[in-house]
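First the proteins, then the strands, lettered A, B, ... as listed; each starts at 1.
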Protein chains: 6
Amino acid sequence: MEVDKALNESRASDATRTARGSGIATFMGLPHTTTLTGVDAVVVGVPSDSGGTPGSSRGPRALRDVSALLRPANASQGIAPFSILNVVDYGDLTVIPGSLQRTYEEIERGLDGILAQDVVPLLMGGDHSITLPHLRAVAAHHGPVALLLFDAHSDTYDVYYGSERYNSGTMFRRAVEEGLVDVAHSIMVGLRGAVYQPSDYDDARALGYEVLTMDDVVALGFDQTVDRIRSRVGAAPVFLSWDVDALDPGQAPATGTLEIGGFSTREMLGVIRALEGLAYTGFDVVEVNPAFDGIRQTAAAGATMIFEFLTLLALRRSQVR
Amino acid sequence: MEVDKALNESRASDATRTARGSGIATFMGLPHTTTLTGVDAVVVGVPSDSGGTPGSSRGPRALRDVSALLRPANASQGIAPFSILNVVDYGDLTVIPGSLQRTYEEIERGLDGILAQDVVPLLMGGDHSITLPHLRAVAAHHGPVALLLFDAHSDTYDVYYGSERYNSGTMFRRAVEEGLVDVAHSIMVGLRGAVYQPSDYDDARALGYEVLTMDDVVALGFDQTVDRIRSRVGAAPVFLSWDVDALDPGQAPATGTLEIGGFSTREMLGVIRALEGLAYTGFDVVEVNPAFDGIRQTAAAGATMIFEFLTLLALRRSQVR
Amino acid sequence: MEVDKALNESRASDATRTARGSGIATFMGLPHTTTLTGVDAVVVGVPSDSGGTPGSSRGPRALRDVSALLRPANASQGIAPFSILNVVDYGDLTVIPGSLQRTYEEIERGLDGILAQDVVPLLMGGDHSITLPHLRAVAAHHGPVALLLFDAHSDTYDVYYGSERYNSGTMFRRAVEEGLVDVAHSIMVGLRGAVYQPSDYDDARALGYEVLTMDDVVALGFDQTVDRIRSRVGAAPVFLSWDVDALDPGQAPATGTLEIGGFSTREMLGVIRALEGLAYTGFDVVEVNPAFDGIRQTAAAGATMIFEFLTLLALRRSQVR
Amino acid sequence: MEVDKALNESRASDATRTARGSGIATFMGLPHTTTLTGVDAVVVGVPSDSGGTPGSSRGPRALRDVSALLRPANASQGIAPFSILNVVDYGDLTVIPGSLQRTYEEIERGLDGILAQDVVPLLMGGDHSITLPHLRAVAAHHGPVALLLFDAHSDTYDVYYGSERYNSGTMFRRAVEEGLVDVAHSIMVGLRGAVYQPSDYDDARALGYEVLTMDDVVALGFDQTVDRIRSRVGAAPVFLSWDVDALDPGQAPATGTLEIGGFSTREMLGVIRALEGLAYTGFDVVEVNPAFDGIRQTAAAGATMIFEFLTLLALRRSQVR
Amino acid sequence: MEVDKALNESRASDATRTARGSGIATFMGLPHTTTLTGVDAVVVGVPSDSGGTPGSSRGPRALRDVSALLRPANASQGIAPFSILNVVDYGDLTVIPGSLQRTYEEIERGLDGILAQDVVPLLMGGDHSITLPHLRAVAAHHGPVALLLFDAHSDTYDVYYGSERYNSGTMFRRAVEEGLVDVAHSIMVGLRGAVYQPSDYDDARALGYEVLTMDDVVALGFDQTVDRIRSRVGAAPVFLSWDVDALDPGQAPATGTLEIGGFSTREMLGVIRALEGLAYTGFDVVEVNPAFDGIRQTAAAGATMIFEFLTLLALRRSQVR
Amino acid sequence: MEVDKALNESRASDATRTARGSGIATFMGLPHTTTLTGVDAVVVGVPSDSGGTPGSSRGPRALRDVSALLRPANASQGIAPFSILNVVDYGDLTVIPGSLQRTYEEIERGLDGILAQDVVPLLMGGDHSITLPHLRAVAAHHGPVALLLFDAHSDTYDVYYGSERYNSGTMFRRAVEEGLVDVAHSIMVGLRGAVYQPSDYDDARALGYEVLTMDDVVALGFDQTVDRIRSRVGAAPVFLSWDVDALDPGQAPATGTLEIGGFSTREMLGVIRALEGLAYTGFDVVEVNPAFDGIRQTAAAGATMIFEFLTLLALRRSQVR
């Protein structure tokens with residue numbers, strides 16, 4: 001089924017016709033299809049928590065459900081992204097609870113099919129360990145990519161629990177080892193919280209990443225933070241990985257590893273919107289754990305970020321064309 | 001799209017292939033389509049709370065989400081309903097928040113399209129006021145139907161708030177007035193709780209309904225309760241309306257009007273399973289209000305009842321064929 | 001202000017005129033006044049948790065708020081209690097957080113003013129320790145009364161924490177020592193749960209109380225349980241103290257001391273309704289702790305019991321007149 | 001009953017005499033009366049959600065309950081408002097669930113009685129649609145008023161769901177059409193979030209409103225924002241409508257339409273306090289939906305704002321006298 | 001450190017000396033030690049959810065925390081178990097998130113050390129998959145044991161997700177294949193809920209297990225159910241595995257797989273208490289998922305069962321001596 | 001048992017060996033012992049709410065449980081505190097619910113034993129009233145100490161409820177009267193919210209305290225706030241009392257007295273970290289009320305502050321040596 005842009009746009013604005021939150025819960029009411037002819041980007045779920053936070057497997061459904069609150073245009077950026085991009089909800093990739101290895105294989109296979117059609121994937125996790133197969137798939141199509149990470153943690157440990165090499169605390173070390181990231185253009189933003197050794201962030205730097213801790217961000221201010229990111233990433237193809245714990249727990253409580261003192265949503269929106277124009281090749285929003293989400297405010301923040309990412313993609317597309 | 005029974009069955013048992021709760025949230029993972037060729041029954045949402053309990057509009061999505069817990073076979077009844085029935089998730093009917101009249105028109109129009117294809121609808125509310133247009137549509141196709149109501153309340157008041165004739169406290173009086181129910185074969189089961197006048201239940205009886213209060217059910221016992229229902233309904237085409245407040249708040253807390261002392265889920269399952277063989281023409285499950293549902297236990301009870309109703313339909317179909 | 005019975009009844013049925021739960025939250029919408037001319041019974045709050053469960057001080061407001069769900073007639077008992085009794089919401093008695101002794105003095109003084117006008121008080125706790133000053137006040141007016149206790153615990157320990165004599169674990173020993181109860185007509189029903197010594201219940205019996213543990217109730221059955229209570233209490237003036245933990249936590253989770261295996265609400269309603277005709281002189285509903293009450297199902301159970309107690313009082317009044 | 005100022009003040013400071021949160025839940029423990037002789041302002045509830053967010057009908061009771069946390073003096077403004085103003089809790093206006101038109105008529109009639117006695121109403125919603133009849137009543141007494149709106153949304157759409165003209169998304173267009181607002185002195189502050197068209201805010205401007213989006217507020221800073229508001233409103237009689245979603249969901253999660261990136265409570269307090277001296281004629285606090293309010297932090301924010309509004313009124317009164 | 005029985009008993013009754021719930025949270029305040037000289041039984045946690053329900057890893061801490069509600073004597077059984085048994089809290093066994101195989105090895109090694117000292121382990125899960133290594137360790141010391149399972153599910157599937165052989169849905173097939181259970185004396189009680197095939201329970205029977213579905217239990221009654229269990233188990237060494245989903249979700253909502261229509265806590269207590277005198281060699285309480293446990297009622301039920309199991313052990317010990 | 005520093009450090013970083021949150025819940029997994037040879041500081045609970053917020057008695061267990069999220073090093077301060085300090089979890093002091101006087105005596109006796117061994121106590125409350133006996137014990141060993149208070153309230157009232165002198169609203173007046181604080185070096189930071197009289201803060205100043213209201217802090221900025229604190233405290237021995245309501249309810253909702261407009265966690269971390277080098281003699285973290293803590297974000301903030309305080313102590317120790 002080829003998706004019609006006009007239909008697409010109208011589907012995402014149901015509240016003018018029926019109650020908000022009506023109908024099968026796809027992301028923003030987008031069509032659900034795995035046929036990608038004419039499609040520019042897909043929202044796709046990966047309901048896996050085998051590599052980290054138990055319960056984050058329920059993230060994709062929560063993000064879809066709460067996305068009914070979103071209207072289809074972005075006034076801050078002055079654009080209606082669905083008038084520029086054809087976007088569909090691809091559904092969820094297969095995951096194998098209890099076998100991270102098989103889950104990785106399924107994710108890589110699933111994304112390969114999407115990327116082969118020149119479609120940009122926006123993944124909804126799941127725990128953060130799913131970013132490794134995502135990077136593998138993206139790197140297979142685009143070569144090594146600049147990692148732009150918003151996160152409270154660097155996730156560059158070597159092993160956990162003595163010898164476990166694959167989980168949500170190690171994947172950005174694995175990504176370097178596997179040659180998936182263009183580390184010279186990669187940057188980690190917002191790191192904070194208690195660590196294992198005072199030198200933990202130096203370990204990330206030793207891998208080649210630039211690191212802006214939350215202390216750095218506050219010291220620099222947000223405008224300069226944006227400048228630092230833009231100058232680091234440059235024109236490289238960029239992969240934006242967004243862990244919801246980059247936000248402060250006061251605004252995004254429903255996640256596995258609470259670290260106080262994070263970005264406010266307003267600060268985050270400002271930074272993300274200012275990062276328009278980069279050569280985005282993939283996105284993910286991870287670690288939303290709806291079990292603890294009260295009125296679903298964390299999922300609302302996560303869903304809004306996906307919308308902002310779609311806007312970035314639309315802006316870039318309208319500039320490049 | 002014609003739905004294939006084998007596919008149908010496999011779709012409803014995803015947990016053998018990927019994580020439970022994966023994918024777009026349709027009821028039990030059934031295909032989502034509005035094309036009804038070859039379809040026997042549809043699960044369809046009506047996310048309206050304009051006639052009663054605020055928040056019950058979110059019921060259909062909650063029921064769909066939690067239905068991922070259900071496996072596809074019914075051991076107690078010895079049947080795999082999806083091997084007998086083609087069932088799809090039709091999505092939600094259009095509703096107009098703030099205008100119950102327009103909502104009623106949309107529901108009637110929507111159901112007319114379904115019933116015209118000889119498909120049995122299972123409605124997920126929404127507040128209980130949606131049963132009136134449901135009855136109108138069913139009566140238009142089948143003539144007056146026997147109402148089999150499980151509820152804590154008779155909902156046979158004349159008006160609320162001075163002059164309001166259409167809402168979730170009046171529809172079973174309206175249904176008689178409009179000639180929609182075959183009242184001589186109709187029965188209300190489980191009524192209880194504080195009332196406006198000690199004679200309130202007599203008003204329901206005066207309309208022609210048989211009434212079994214919860215006190216009556218306890219005095220009769222459950223086997224005799226089933227006998228009374230079967231003998232009342234007989235061979236008439238029957239419409240089963242199931243308000244989740246028929247259950248005790250201890251097991252189904254998430255509803256608008258808590259009345260202690262209701263059916264336990266085990267008692268309810270026993271009664272419903274024993275009611276196999278009746279000529280069912282329509283079902284609804286109403287008044288699930290997920291805002292208050294903690295671990296979603298009320299929605300789980302509601303979703304299980306939908307599954308049991310599908311089983312009743314499959315049993316009947318296998319007997320009649 | 002003298003309260004008019006007709007007004008009284010109409011106030012308690014607001015849902016025929018405006019939305020349920022409208023207006024200042026008095027119990028069932030009853031008039032709030034401390035002028036008792038012509039009044040038969042008062043509902044009165046005691047927001048004290050100084051003698052036990054932290055948070056139960058918020059019980060009275062929760063019971064008032066949720067009582068908006070109750071309609072004014074009792075179909076099971078065939079009576080509209082407010083057509084027989086003038087009832088008002090007296091508000092709350094003064095309590096002194098941190099000083100149980102001063103709180104006791106305030107409760108005794110407050111109740112003395114009510115009882116002096118021949119008005120029956122229905123207390124809403126608060127923790128169970130408030131029953132001691134309640135008994136003191138009632139005994140001062142009526143002489144020693146038969147205690148009819150529904151509770152998971154006997155609360156007949158001598159001291160807690162080495163030397164503390166006044167709290168929610170000791171008051172029914174104090175009540176005997178102070179000569180407040182007619183112990184030969186007193187009975188404790190529903191005791192259960194882990195205890196300090198296997199002989200704990202024998203200690204209550206040694207004080208003169210009859211004890212029916214939950215094991216006893218189940219073994220006897222509910223009809224015989226009622227017979228045992230009626231024959232124990234006889235014609236004595238009776239004080240009914242109802243701790244919400246008499247109910248099972250599945251139906252009344254919001255209380256301080258969870259003991260699984262209690263009365264279901266249906267069983268409790270059956271027993272309470274069967275106890276009509278006794279010479280009631282006072283009631284309390286205690287240990288509702290709304291902090292943990294989700295959709296307020298525990299408060300709903302508690303508020304319903306108050307309504308049932310009012311019904312008992314109305315039945316008795318209509319019989320004695 | 002004439003309300004005595006000294007009594008009034010003491011009623012609002014119960015915690016010096018008994019436990020906080022004791023007694024019938026009126027706003028801040030103020031006297032509950034509908035007799036307005038000598039009264040300067042009333043707090044009045046409108047428990048209606050027929051025009052928008054299901055569940056916001058429970059807002060007034062939540063605001064009253066949580067207001068027990070408030071003490072009676074405002075140190076930041078250096079004033080004890082109840083020493084200057086006589087304030088009472090008027091209770092709730094009649095509402096008709098399911099009929100917004102009848103609800104509007106009841107609100108207009110109810111407020112007319114209050115305004116006729118030169119009393120300033122502070123409304124507690126309910127959903128935001130109740131502001132339209134509030135404006136009608138105020139405009140009938142004062143002529144068109146300057147609207148000072150704090151909100152995430154402009155609520156100036158023409159219709160919803162095809163043809164619905166009255167609901168919580170359209171009332172500020174209706175208000176202009178009906179001539180209720182002095183649009184040249186009116187201003188909307190804090191608009192943000194995804195919209196239907198990138199030009200949505202221009203539609204509000206086209207109606208004559210000044211619009212400060214949240215982006216604008218951040219760019220201007222809070223001091224200049226205050227200046228812009230003061231210079232826009234000038235000496236006109238002003239109506240302050242405060243939607244709790246003006247606040248960030250991190251601090252006020254319990255509302256119907258979560259929009260991340262809003263005012264912090266500290267920023268809001270700063271702006272509101274700086275707006276002293278305007279000619280206030282009416283206030284409302286709307287869209288508090290306690291179903292999702294955890295520890296009631298949203299209601300606490302809402303109740304505090306009512307207290308700040310009372311302070312503004314007291315300051316104005318003390319200046320004008 | 002050798003544990004002194006008198007000390008042991010006093011530690012478990014702290015509420016006579018300080019506030020309940022004081023101190024480091026061990027199970028019922030028992031001493032925490034891994035030195036087992038003179039110890040009869042240990043409570044030991046296995047915080048693993050790698051084989052099933054995400055979040056059940058937090059079960060052991062929840063069970064310990066809520067166990068503060070339990071007093072040290074069992075009046076129903078007429079025994080104070082800690083006067084007969086020396087019991088300690090052993091802490092938690094090592095688990096390896098993400099590697100079920102390594103977790104199994106750690107559990108087997110840990111339990112081997114306990115069983116080697118002739119100490120009976122009571123495991124607190126964790127998801128149900130931990131019962132397999134528990135059975136391995138017990139069988140290594142006692143030979144094949146009779147499995148007495150209370151559960152809503154048979155957990156006898158061959159594989160999940162295509163080829164996964166070890167998880168919480170397969171372990172009782174693995175246990176037979178590995179020769180760990182004396183299947184001729186083994187019995188599964190309480191099975192219910194939707195299944196994959198109508199013949200699912202026959203698969204369990206084909207492995208040799210006796211199966212009493214919940215339908216069977218209700219049909220037999222509880223006394224006969226006990227008789228069937230006792231005659232099946234006989235004098236064989238018995239391993240009692242207790243999945244909290246054997247209870248109804250109304251009383252134990254906090255678990256991964258809600259199945260309505262289960263045992264009430266009162267029925268369960270009755271059955272468990274009647275099973276005194278069997279030759280118990282190990283126990284577990286699994287699938288408590290505190291994320292969803294509100295006031296912790298599910299954990300309270302689980303902790304009470306552990307106490308009842310300790311009582312069974314004490315009774316047996318007092319009989320055998 | 002003497003605690004070994006290396007062991008100590010490893011115990012606090014369990015996540016490298018087993019799952020986070022494993023084992024008996026001590027603070028950060030520190031050893032639990034009351035033997036203090038070689039110990040520098042203890043974390044100790046005081047589960048008392050007899051002087052204030054009901055439910056805060058459960059604070060210590062919540063803080064311990066959630067502290068499993070903390071890793072052992074502080075990158076912002078560049079130090080691993082457990083490599084410098086020997087710290088243990090002392091367990092809880094005895095408290096006597098219902099008797100604040102006996103509770104005070106127990107706290108003083110318990111702390112005397114700790115301080116006598118030159119160990120710095122970090123108390124976890126409990127309500128704020130426990131700070132008075134803490135100050136008594138500290139002053140007995142160190143003489144009057146500078147009070148550094150972060151709080152929304154001054155807690156310097158004379159009496160509550162007519163005549164109650166000891167509770168969580170009066171202790172900092174009592175502390176001056178008893179000569180426990182070096183008032184000339186004492187300072188209160190962050191006061192805000194509605195008060196009883198506009199002059200309330202002047203009363204605190206009249207006792208000798210310097211007062212920085214939240215308005216003052218915002219006006220000064222955080223750098224200057226730190227300067228003011230440092231210059232006030234100087235070289236005096238300092239007692240840091242930290243009430244969680246110093247934080248904004250958006251980030252720390254679970255406390256008894258919600259006051260909007262407080263410190264963000266980021267601001268608080270900045271201020272606390274900048275206060276390194278003072279002569280700390282004692283700390284407390286009070287008023288965490290886990291009943292309302294959702295995902296435990298308030299407890300997470302509180303536990304992080306304890307970690308930051310340990311860091312301050314380690315920094316001071318490393319500087320002074």
Side-chain angles (χ1 to χ4, degrees), chain D residues 9-10 12-22 28 66-83 222 247-253 262-270 272-273 292-308 310-311, chain F residues 52-55 152-154 157-164 167 169 190-204 211 213-219 245 247-265 267 289-295 297-298:
Chain D
E9 194 173 3
S10 73
S13 48
D14 269 354
T16 56
R17 294 183 298 107
T18 183
R20 275 195 188 191
S22 283
M28 289 185 74
V66 83
S67 70
L69 289 172
L70 293 169
R71 299 180 189 84
N74 191 324
S76 294
Q77 297 278 41
I79 198 168
F82 302 113
S83 66
F222 295 97
L247 295 178
D248 191 87
Q251 293 178 300
F263 278 88
S264 77
T265 51
R266 204 162 74 200
E267 293 162 355
M268 182 61 78
L269 284 174
I272 291 295
R273 287 175 181 158
F292 295 100
D293 205 19
I295 195 173
R296 308 180 299 163
Q297 71 197 77
T298 312
T304 303
M305 295 318 295
I306 295 173
F307 176 66
E308 292 291 333
L310 285 168
T311 302
Chain F
T53 313
H153 312 95
S154 66
Y157 294 104
D158 186 29
V159 294
Y160 255 78
Y161 320 121
S163 61
E164 298 298 309
N167 52 57
L191 308 198
R192 67 187 192 279
V195 290
Y196 289 110
Q197 305 290 339
S199 57
D200 276 10
Y201 300 145
D202 294 335
D203 295 347
V211 170
T213 66
M214 202 66 220
D215 288 349
D216 295 332
V217 169
V218 171
D245 70 18
L247 295 178
D248 190 87
Q251 294 178 300
T255 191
T257 314
L258 299 172
E259 304 287 3
I260 64 175
F263 279 88
S264 77
T265 52
E267 294 161 354
N289 184 358
F292 294 100
D293 206 19
I295 195 173
Q297 71 197 77
T298 311

Between F/G169, F/G250, F/A194, F/S199, which residue shows the highest count of heavy-atom pairs closer than 4.5 Å to chain D?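 Of the candidates given, the most pairs with chain D belong to F/A194.
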Which is it for D/R273 and F/D215 under the side chain to side chain contact (heavy atoms under 4.5 Å, CB included) test, yes or no, and what are the steps along the way?
-> CA-CA 11 Å; D/R273 287 175 181 158; F/D215 288 349; 3.8 Å; yes
Segment of F/D200 engaging chain D (4.5 angstrom heavy-atom cut-off):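 No part of it gets close to chain D.
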- Which bit of F/E259 is near chain D, if near means a heavy-atom gap under 4.5 Å: side chain, backbone, both or neither?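 Side chain only.
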Residue D/S264 versus chain F: region with a heavy atom under 4.5 Å: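 D/S264 has no heavy atom closer than 4.5 Å to chain F.
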* To do: Let me know if D/L269 has heavy atoms under 4.5 Å from chain F in its side chain, its backbone, both or neither.
  =>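 For D/L269, the contact with chain F is made by the side chain alone.
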Quick one: does any side-chain atom of D/T265 pair with a main-chain N or O of F/G261 as donor and acceptor, under 3.5 Å?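 Between the backbone of F/G261 and the side chain of D/T265 there is a qualifying donor-acceptor contact (under 3.5 Å).
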Practice prompt. Evaluate the criterion side-chain hydrogen bond (donor to acceptor under 3.5 Å, both in side chains) for residue pair F/D245 and F/T255; output intermediate values, then yes/no.
Written response: CA-CA 7 Å; F/D245 70 18; F/T255 191; 5.0 Å; no
Set out, in order, the CA-CA distance, both residues' side-chain angles and the distance that settles side-chain hydrogen bond (donor to acceptor under 3.5 Å, both in side chains) for D/Q77 and D/T311, then state yes or no.
CA-CA 8 Å; D/Q77 297 278 41; D/T311 302; over 6 Å; no
Audit row: D/M268, D/M305, side chain to side chain contact (heavy atoms under 4.5 Å, CB included) steps and yes/no: CA-CA 9 Å; D/M268 182 61 78; D/M305 295 318 295; 3.9 Å; yes
